[in-house]
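So the structure is just underneath, and the comments pick up after that.
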Amino acid sequence: MPHAHSLPPTRRQLLTRIGTLAGSAALYQAMTTLGHAAGTDFKGAPNLKGAKKGTKVLVLGAGLAGMLSAYELRKAGYDVQILEFQTRSGGRNISLRGGDTVKELGGATQKVGFAAGNYINPGPWRIPYHHQGLLHYCQEFGVELEPFVELNHNSWLHSSGAFGGKAVRYREFASDFTGFTAELLSKAIDQHKLDDFATPDERAHLQSAMKNWGALDKNGAYTKGDISSLRRGFERPQGGGIDGAPIPSSPFAREEVLKSGLWTWMAFHERLDMQTTMFQPVGGMDQIGKGFTRQVKDLITLNCKVTALHQSEQGVTVTYNDMANGGAVRQAHADYCVCTIPLSVLSQLDVQVSDGMKAAIQAVPYASSVKMGLEFKRRFWEEDDQIYGGISFTDQQISQISYPSHGYFSKGPAVLLGGYMFGPSAYDFAGMTPQERLERALAQGMAIHPQYRKEFSNGVSFAWSRVPWTLGCCAMWTEESRKTHYKTLCGVDNRVVLAGEHASYIGCWQEGAILSALDAVTRLHKRALGAA
């Protein structure tokens, strides 16, 4: 029992407890939940009427935010040009396929060896149904989408310190946790423990609800039998013929279920941004980047390494190295600039903005994240375990294994996400060689899938903190930094406005880039009209 005068936990204490119980992935998700709004406010394409013909806008960065900004500005009548550092457009919207090369800071180089048609998405990999801004433009740009399976009741949950270190089925654990919780509440009602908190009618309704919700028997108990087995699965499933009668399965020990901490992953799927229905592009996440590119390809100049962004009352000047021509120094001039360069990079450049904007750019660190794409000789998770899409979770560093939501029942090699890390685990993996990362991912994956090593073919790792054009995965605002700097960061600074997921309340999601871009071009348009 807590002390009668004890204070509720501080946010820091709460996050510490979450991190202790559930590991770095859950901690990261909790931080983003506390730091970012859950929903999105897409209301349609921006109204940019009345643009002064010939007004030039320079867009820095050909990620989704940059390309969408250019698309809407050109549609409104602006003269637009995009400068992009990479040899490709799309930014963090990326898919890796066989033949691709991954080069990291520090010199490590990986050649992707996946079979034809296979891919891994090292950046974004799923789209919530309520990210209507992104879904709108996918539809407008002809990007075909398909369902992404987030929750699979037949996936695995694993904790090194629970159930003897063996993985358990999500359906088994979820059924038992729900059943035991319902039984405890039902007993509390029977023993009049809730009389002071609920009316007789409420208690009667709750008693009935617990029986149905928890799969309790006629005595209000969660026990071995057909009722519970129809949730958690049978020891021997229902069959045909004379010997087709099923054998019920035995629930786990209640104490083991409650102390395991695996209920964290039940709660994970209930978060708004993890609820069904979720989507993914057919053929890889980079199909979105390609769809956006088709709209503005003629505006993009690749291989431009921006070194300075200066502005005056008359316009903006961007200095960059033309890397396609030996790094020749060039300049681009415009009336206004939409800058989508990640703050982790922008903070290191010569940027002529107000002191408040400089402070805002410097105030936001970027998360470290690592993803592992592993190709196996066959879809053993389908053939052996009947797992079709979804995610298995573990308290080990790899955090999770996600199974492809496409190509079901196909023969030949297939790729799964063999690890997705944030925080300390990501820094640890980023410090390894690519081969060491693969070895660690395989070793940890064996705790869930004993077939791992036998079926493994090849793999690739992607450490976002070692990517030169982002130096991290995504912006990590704190409540305090957001209070102090967010409005300044999103405002128009004379002739410059920033856009990207870092300028949104939906950080680390593509929807943040979309809504930020729409907000930025709307603000810039108003600024331009005011100056006309």
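- Salt bridge absent: Glu479 and Arg482 never bring a charged side-chain N and a carboxylate O closer than 4.0 Å.
- Scanning for side chain to side chain donor-acceptor pair (under 3.5 Å) contacts around Asp176 gives Tyr222, Arg232, with sequence neighbours left out.
- Scanning all heavy atoms of the two residues, the minimum distance from Pro46 to Leu518 falls at CD-CD2, 3.6 Å.
- Aromatic ring pairs are classed by plane angle as parallel below 30°, tilted from 30° to 60° and perpendicular above 60°; the pair Phe376 and Phe456 is perpendicular.
- In summary, the side chains of Ser159 and Ser260 do not present any donor paired with an acceptor at a separation below 3.5 Å, with no hydrogens or angles considered.
- Atom CZ of Phe380 is separated from atom CD of Glu382 by 10.5 Å, given to the nearest 0.5 angstrom.
- Residue-environment remark: NZ (Lys75) exceeds the threshold of 12 foreign heavy atoms within 6.0 Å.
- Trp156 and Tyr170 have their aromatic ring centers separated by at least 6.0 angstrom.
- A donor-acceptor contact shorter than 3.5 Å is absent between the side chain of Asn152 and the backbone of Ile387.
- Put simply, CD1 on Ile300 and CG on Leu83 are 10.5 Å apart, with the number rounded to the nearest 0.5 Å.
- Counting only distance, with no hydrogens or angles, the side chain of Arg437 and the backbone of Phe429 share a donor-acceptor pair below 3.5 Å.
- With values rounded to the nearest 0.5 angstrom, Leu349 atom CG is found 9.5 Å from Leu60 atom CG.
- The two atoms that bring Asn93 and Gly289 nearest to each other are OD1-N, 3.1 Å, heavy atoms only.
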Notebook entry, point to check: Would Met67 and Gln295 count as a side-chain contact (heavy atoms from CB on, under 4.5 Å) if you check the C-alpha gap in whole Å, the side-chain angles of each, and the deciding distance to 0.1 Å?
Noted result: CA-CA 8 Å; Met67 289 192 287; Gln295 317 307 312; over 6 Å; no

Next item on the list: Assess whether side-chain contact (heavy atoms from CB on, under 4.5 Å) is satisfied between Arg126 and Phe279, documenting all intermediate values.
Entry: CA-CA 6 Å; Arg126 50 194 168 183; Phe279 300 98; over 6 Å; no

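- Between the side chains of Thr470 and Arg92, no donor-acceptor pair of N or O atoms lies under 3.5 Å.
- Atoms CG and CE, on Leu417 and Met372 in that order, are 9.5 Å from each other to the nearest 0.5 Å.
- Across Asp384 and Gln451, no two heavy atoms sit closer than the pair OD2-NE2, 3.1 Å.
- Not less than 6.0 angstrom separates the ring centroid of His406 from the ring centroid of Tyr388.
- In plain terms, the two heavy atoms of Ala499 and Val338 that are nearest each other are CB-CG1, 4.2 Å.
- For Tyr137 and Gln132, the side-chain atoms include no donor-acceptor pair closer than 3.5 Å.
- With no hydrogens or angles considered, a side-chain donor-acceptor pair links Asn458 and Glu375 at under 3.5 Å.
- Put simply, the residue from Leu438, Asp100, Val102 that forms a side-chain contact (heavy atoms from CB on, under 4.5 Å) with Val460 is Val102.
- Residues Trp469 and Phe85 keep their aromatic ring centres 6.0 Å or farther apart.
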Checklist line | CA sep, side-chain torsions, deciding dist, call: His153, Phe173, ring-ring contact (aromatic ring centres under 6.0 Å, His included) | finding: CA-CA 10 Å; His153 286 74; Phe173 180 85; over 10 Å; no

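- The SG atoms of Cys508 and Cys474 lie less than 2.5 Å from each other.
- Proximity of a side-chain donor or acceptor of His158 to a complementary backbone N or O of Gly165 within less than 3.5 Å is detected.
- A distance-only check finds no donor-acceptor pair linking the side chain of Ser175 to the backbone of Glu172 [under 3.5 Å].
- Residues Gln110 and Phe462 have side chains not in contact (no heavy-atom distance under 4.5 Å, counting atoms from C-beta outward).
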Next item on the list: Determine, step by step, whether Met476 and Val364 satisfy the side-chain contact (heavy atoms from CB on, under 4.5 Å) criterion, reporting the C-alpha distance in whole Å, the side-chain angles of both residues, the deciding distance to 0.1 Å, and the verdict.
Entry: CA-CA 6 Å; Met476 294 299 291; Val364 188; 5.6 Å; no

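- Inspection of the Thr394 and Gln396 side chains reveals an N or O donor paired with an N or O acceptor under 3.5 Å.
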Check: Should Val149 and Tyr408 be marked as a side-chain contact (heavy atoms from CB on, under 4.5 Å) after you check the CA-CA gap, both sets of side-chain angles, and the distance that decides it?
Finding: CA-CA 12 Å; Val149 179; Tyr408 300 127; 3.4 Å; yes

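- Between Phe114 and Tyr119, the gap from one ring centroid to the other reaches at least 6.0 Å.
- Between the Ser425 side chain and the Met421 main chain, no donor and acceptor come within less than 3.5 Å of each other.
- Side chain to side chain, Ser481 and Thr478 meet the donor-acceptor criterion of an N or O pair below 3.5 Å.
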Show me the donor-acceptor pairs within less than 3.5 Å that the side chains of residues 139-148 make with the rest of the protein, sequence neighbours left out.
{"residue": "Glu140", "atom": "OE1", "partner": "His136", "partner atom": "NE2", "Å": "3.1"}
{"residue": "Glu140", "atom": "OE2", "partner": "Tyr71", "partner atom": "OH", "Å": "2.4"}
{"residue": "Glu146", "atom": "OE2", "partner": "Gln280", "partner atom": "NE2", "Å": "2.8"}

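- Put simply, the side chain of Ser95 never gets that close to the backbone of Asn121: no donor and acceptor are under 3.5 Å apart.
- Considering all non-hydrogen atoms of both residues, Gly106 and Arg466 come closest at CA-NH1, 4.2 Å.
- No side-chain donor-acceptor contact under 3.5 Å links Ser457 to the backbone of Lys377.
- For Gln510 (side chain) and Ile127 (main-chain N/O), no donor-acceptor pair under 3.5 Å exists by modelled atom type.
- For Lys305 (side chain) and Met323 (main-chain N/O), no donor-acceptor pair under 3.5 Å exists by modelled atom type.
- Side-chain polar atoms of His131 and Asp273 form no donor-acceptor pair below 3.5 angstrom.
- The distance from the CD atom of Gln275 to the CZ atom of Arg271 is 10.0 Å, given to the nearest 0.5 Å.
- Between the side chains of Asn154 and Arg171, at least one donor-acceptor pair of N or O atoms lies under 3.5 Å.
- Taking the six-membered ring for Trp, Tyr403 and His449 have ring centres closer than 6.0 Å.
- Although no hydrogens or angles enter the test, the distance criterion places a donor-acceptor pair under 3.5 Å between the side chain of Glu436 and the main chain of Thr433.
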Notebook entry, point to check: Can you check ring-ring contact (aromatic ring centres under 6.0 Å, His included) on Trp125 and Tyr420, steps first, answer last?
Noted result: CA-CA 11 Å; Trp125 53 312; Tyr420 182 21; 5.6 Å; yes

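- A pairwise comparison of heavy atoms in Ala70 and Val80 identifies CB-CG1, 3.7 Å as the closest pair.
- Under the 6.0 Å cut-off for aromatic ring centres, Tyr336 and Tyr78 do not qualify, their centroids lying 6.0 Å or more apart.
- Under the 4.0 Å criterion applied to side-chain N and carboxylate O atoms, Arg88 and Asp286 are not assigned as salt-bridge partners.
- The residues Arg453 and Glu439 are annotated as salt-bridged, a charged nitrogen and a carboxylate oxygen being separated by less than 4.0 angstrom.
- Between the CG atom in Leu134 and the CD1 atom in Ile506 there is a gap of 10.5 Å [rounded to 0.5 Å].
- Side-chain contact check for Tyr129 versus Leu272: some heavy-atom pair is nearer than 4.5 Å.
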